[in-house]
There are 2 protein chains.
Amino acid sequence: MKQLDLRIIKTKESLKEALMLLLKEKALNSISVTEICRLAKVNRGTFYTHYGQVENLFEEYFKEIMQNLKDSYLEPYKYAWTIHTQELNPATIRIFHHIEKYEEFYRIVFSKTAPLNYYYLLFDHLQQLLDEDMRLHGNDKIDTGMLSAYQANAILGLVIEWHRQDFKQTAEEMNKLLVELLKYITRP
Amino acid sequence: MKQLDLRIIKTKESLKEALMLLLKEKALNSISVTEICRLAKVNRGTFYTHYGQVENLFEEYFKEIMQNLKDSYLEPYKYAWTIHTQELNPATIRIFHHIEKYEEFYRIVFSKTAPLNYYYLLFDHLQQLLDEDMRLHGNDKIDTGMLSAYQANAILGLVIEWHRQDFKQTAEEMNKLLVELLKYITRP
DNA sequence: TTTTTTAATGAACAACTGTATGATAAAATT
DNA sequence: AATTTTATCATACAGTTGTTCATTAAAAAA
């Protein structure tokens, strides 16, 4: 009967809370283990029994956001899109709104110093969503795996451009832009 | 009359050489400043007067490869492609061969721990090449900036997938794959 | 060649890293 | 409630980091 030790839960919560506080002040790559432990009032050795480095702690936060991405996809629609229903599938439509909602988080994930791993993880989640959606509603004669990979790339490319332009567009505008681009590409 | 001090050149060369040696043994993110300086027989303080961190030293190597990417684009064709001349522009055709040539380098650049910054730098170079090519040979009624950004994303997405599959395809196969994908996308 | 400039050096510094220890106390098990 | 398990703790260690400073020596300028 393996029960989760309450001490572990408390320690992890303290560490996460400390990291969240620090992230509002400084960049992820400039936050030290010592700093987190001081703020969390947790022994430094204890940090190392759970996480090897600050990034591993951040990844727990990452997983939460990814779960939310998936959840928001399963939720009934509630955004202000209208025209794109036929042109974009639900997973695509929602990704921009999701990112808009967690802008602070994605500023970290797409910052210059962030490890490429976050990009890969995000890619995997997005591809999976697109792939599931295609198999449910799409043409089943095509290789959904390859196509979802290509589409995930296209969308993430657009998201990166969005980030580089400091998220100045709204999520709705990004959806429109994607539709325009697809129109241009598919009708040369 | 600002002349480049010979001592600086020698120091930088030693440091670079040491980094290159270490990169053959271990990952970039596990190489310490101390280690490089020990091997290069350069004082650690001297390292810090030129570079703030190991990544900055690596970026000099990065610039070299980017220069080569540009050079190889200006060179006359010498690869074994035939069919794609009408379907892909020269910059696109060459990128896969270039990456194949410097596979070792790109394994580092696309590794999970590599900072996203390398991706951004590579993107910028690629986009510039595509944009130049479009303005020379392409339709000048369209927004080449936006289009080159989209194309650079599509190609880099494919390259990332290539890396994740351990570069098992040849550069020529990657060109063919891109042509196939574009065909599929533009003829739905 | 001599003088001037300045890059490289060695040494020292506080702070952080990653790891290991036995002691303590909180939780789970009986 | 008593016992067992184990997470956390304080402490210590050698090694790395990033910085500073006076000294040395190599290069550039005169």
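The chains referred to below are lettered A, B, ... by the order of the sequence lines, with proteins before strands, and numbering in each begins at 1. A quick note: this is a predicted structure, and the numbers were derived from the prediction, not measured.
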Handout entry: Heavy-atom donor-acceptor pair, A:R7 side-chain to D:dT6 base, under 3.5 Å
Key = yes

Handout entry: Distance test, side-chain N/O of B:T34 to OP1/OP2 of D:dG15, below 4.0 Å
Key = no

Exercise for the section: Round to a whole Å and report the spacing from CG of B:D5 to C1' of D:dA26. Expected result: 8 Å

Problem - B:H98 side chain to B:Y106 side chain, donor-acceptor N/O pair below 3.5 angstrom - result: yes

Handout entry: Phosphate contact (C:dG10 OP1 or OP2) by B:N43 side-chain N/O below 4.0 Å
Key = yes

Exercise for the section: Indicate whether OP1 or OP2 belonging to D:dG18 is found under 4.0 Å from a side-chain N or O atom of B:Y48. Expected result: yes

Completion exercise
Separation of D:dT6 atom P from A:L4 atom CG, nearest Å, is 14 Å

Practice task
Can you tell me the distance, in whole Å, between the CZ atom of A:F47 and the P atom of C:dT17?
Solution key: 9 Å

Practice task
For D:dT8, take OP1 and OP2 only and decide whether either is under 4.0 Å from a side-chain N or O of A:K41.
Solution key: no

Practice task
Describe the nucleic acid contact of B:K12 in one word from base, sugar-phosphate, nothing, applying a heavy-atom distance below 4.0 Å.
Solution key: nothing

Problem - A:E60 side chain to A:Y51 side chain, donor-acceptor N/O pair below 3.5 angstrom - result: yes

Handout entry: Nearest-Å distance for atom pair CD1/C1', residues B:I31 and D:dG15
Key = 17 Å

Practice task
Send over the distance from B:E13 CD to C:dA8 P, rounded to a whole Å.
Solution key: 12 Å

Practice task
Just call it for B:T46: base, sugar-phosphate, or nothing, with non-hydrogen atoms closer than 4.0 Å on any strand.
Solution key: base

Practice task
Indicate whether OP1 or OP2 belonging to D:dA26 is found under 4.0 Å from a side-chain N or O atom of B:K10.
Solution key: no

Problem - Nucleotide D:dA10, atom C1' - distance to CZ of A:R38 in whole Å - result: 17 Å

Problem - Modelled atom types, side-chain donor and acceptor of A:D71 and A:Q67, under 3.5 Å - result: yes

Exercise for the section: Rounded off to whole Å, could you give me the CZ-to-C1' distance for the B:R44 and C:dA7 pair? Expected result: 18 Å

Exercise for the section: Kindly say whether the aromatic ring centers of B:F105 and B:F62 come within a distance under 6.0 Å. Expected result: yes

Fill in the blank from the handout: Looking only at D:dT8, D:dG18, D:dA28, the nucleotide nearest the A:T11 side chain is D:dT8

Practice task
Name the residue closer to the 5' end of DNA chain D, choosing between A:I8 and B:S32 according to the nucleotide with the nearest heavy atom.
Solution key: A:I8

Fill in the blank from the handout: When rounded to whole Å, the OH to P distance for the pair A:Y51 and D:dA7 reads 14 Å

Exercise for the section: Would you indicate, yes or no, if C:dA7 has its OP1 or OP2 atom less than 4.0 angstrom from a side-chain nitrogen or oxygen of B:H50? Expected result: no

Practice task
Taking the six-membered ring for Trp and the full ring for Phe, Tyr or His, determine whether the centres of A:W162 and A:F96 are under 6.0 Å apart.
Solution key: yes

